[in-house]
Protein chains: 2
Amino acid sequence: MTVMETTEPGTDVCVPPPQALRRPDGRDQYTISEVVAFTGLTAHTLRWYERIGLMPHIDRSHTGQRRYSNRDLDWLDLVGKLRLTGMPVADMVRYAEMVRAGDETYADRFALLEATRRDVRARIAELQDTLAVLDRKINFYADAGQALASERSR
Amino acid sequence: MTVMETTEPGTDVCVPPPQALRRPDGRDQYTISEVVAFTGLTAHTLRWYERIGLMPHIDRSHTGQRRYSNRDLDWLDLVGKLRLTGMPVADMVRYAEMVRAGDETYADRFALLEATRRDVRARIAELQDTLAVLDRKINFYADAGQALASERSR
DNA sequence: CGCTTGCTTGGAGTGCACTCCAAGGTTTTA
DNA sequence: TAAAACCTTGGAGTGCACTCCAAGCAAGCG
C-alpha cells in the first residue's frame, strides 16, 4: 500500500551507492525515481530541495509530475559535491539564488567558490593530520597486539 | 548572574579557536574552564560527553568539581580528531567502552581504527575530487568575469 | 475493469549533537 | 566579608538535514 521509495537500507555495508548509475545520454527527461537512481538521494530529499529553493524550476509533465533535465542532474552533481565539503544547505540555497539572479552576482559567486575552496583545502589538511594520528595509533596497537600474543603463547 | 561559558560567538570569522591554547605541562589538574580553553569545546559539551559515556571517570575535588588530568586531555584530543572524520559520537562511545573493557578488546579496537583510517582516506579522496570541480568552476568564473568586464567597458 | 506501481501535496516527526536553563553551592578577588 | 566569577545537576530546548505520513491522482498491464 505504502510507497516504497527508500533506497534499500539492508545491504549498504561496503557498497557506496551502486556506482550511482551513469545516466544514459540521448535523453533530457527523467522521472523522480530515475533521478533517485542516478544521485542516490531519496525522492523525499529531491522534493525537499525544491521546496527550500535549492533547485531551479523543474519541468512538469502534463499531469504535473516532475521531469528532470540533464541540466538539473548536473546541478545535483554540484550540490552533491558541495554537500561532501560540509557546506550547509542554507549556503547552497544562497548560491542557487545568486545563480537565478543572474550576471550581477558573478563576483559574489566567485568569492563564495573561492572561500569554499579554501575551506576544502583546510579540511583536507585536518584529515591528513588525523590520518597521521590514526597511523601512529594503529602501529601502536599492532605492536601491543604482538606483545599480547607472545605473552599468551609464553 | 548567569553563567558565561560560551566561547565568544561574535568574532570567529577567520580565527579557528585561538590556537587552542597549548596546555602548560607540569600540572595534572585542570578545571573545566581550563579544558574549555584548551579544547575549544564548551563546558556543556564536556559534561555531556561524560554523561553519555564518552569520557573515562573524571576526578573530582573534595567539593565535587571536576579536575581533568593530562590523560583526559589526551583523550579529548583523540576525540576531537575522530570528530573531524565525521565519526558519530555513538561510535566513539563504543570505542571508549572497549578501552574501559581492557585487553580482550584489542582486536576490535584495532579493526575499528583501521576501518576509520579507510574512511578517512576515502573522504580525503572525495574532497580532492571536489577540489578539482571547484578549481574548474573557479577558472570558468574567472574567464566569464573577464568577458563581462570587457563587455562592460565596450 | 481492477490491480499494482508511481507520483503528488503539506505538514508532522526523527536523530544527531549539542545548547541552554534554573537554582543553588564554591572559589577567588578586592 | 562581600561581590564577582565559577561550578554543579537533571531535564528541556534548538537547529540541521532530512524522513515519513496520509490521502489521493495517474499510468501501464492482463
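Throughout, a chain's letter reflects where its sequence line sits, starting with A, and its residues are numbered from 1.
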- Task: Check each residue of residues 52-64 of chain B for a non-hydrogen atom within less than 4.0 Å of any atom in DNA chain D, then write out the ones that pass by number, or none.
- Result: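 Nucleic-acid contacts, sorted: R60(B), G64(B).
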Interatomic distance, [X] [atom1] vs [N] [atom2] [rounded to whole Å]:
X	N	atom1	atom2	value
E50(B)	dC18(C)	CD	P	15 Å
H44(A)	dT9(C)	NE2	P	13 Å
W48(A)	dA12(C)	CH2	P	17 Å
R94(B)	dC16(C)	CZ	P	13 Å
L46(A)	dC18(D)	CG	P	11 Å
Y30(B)	dC6(D)	OH	P	19 Å
Y68(B)	dT8(D)	OH	C1'	12 Å
L82(B)	dA17(C)	CG	P	13 Å

- Task: Using a strict 4.0 Å threshold on nitrogen-to-oxygen distance, state whether K81(A) and E126(B) make a salt bridge.
- Result: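 Here K81(A) does not pair with E126(B) in a salt bridge, since their nearest N and O are not under 4.0 Å apart.
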- Task: Answer yes or no: is there an ion pair linking R121(A) with E114(A), defined by an N-O contact shorter than 4.0 Å?
- Result: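 Result for this pair is no, no salt bridge flagged.
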- Can you check whether V89(A) reaches R83(A) side chain to side chain, under 4.5 Å on heavy atoms?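 V89(A) does not reach R83(A) side chain to side chain.
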- Query: Are V93(A) and E97(A) side-chain neighbours, meaning at least one heavy-atom pair lies under 4.5 Å?
  - Reply: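 In short, these two side chains touch, coming nearer than 4.5 Å.
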- Answer yes or no: does atom CZ of R109(B) have more than 12 heavy-atom neighbours from other residues, nucleotides or ligands under 6.0 Å?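 Counting other residues, nucleotides and ligands, CZ of R109(B) exceeds 12 neighbours.
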- In this structure, are over 12 heavy atoms from other groups packed under 6.0 Å from R71(B) atom CZ?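 12 or below, so no.
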Would you say a side-chain N or O of [X] is under 4.0 Å from OP1 or OP2 of [N]?
X	N	result
R66(A)	dC7(C)	no
R47(B)	dC20(C)	no
R67(A)	dC7(C)	no
S33(A)	dC7(C)	yes

- Task: Return the orientation label for the Y106(B) and Y141(A) ring planes: parallel under 30°, perpendicular over 60°, tilted otherwise.
- Result: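 Y106(B) and Y141(A): tilted rings.
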- Want to settle it: does R51(B) or Y49(A) sit nearer the 5' end of DNA chain D, counting the closest nucleotide to each?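 Between the two, 5'-proximity favours R51(B).
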- Message: Let me spell it out: for each of E34(B) and M87(A), pick the nucleotide of DNA chain D with the closest heavy atom. Which residue's pick is nearer the 5' end?
- Response: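 Whichever sits nearer the 5' end wins; that is E34(B).
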- Query: Q65(A) or V89(B): which one's nearest nucleotide on DNA chain C is closer to the 5' end?
  - Reply: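 The residue mapped nearer the 5' terminus is Q65(A).
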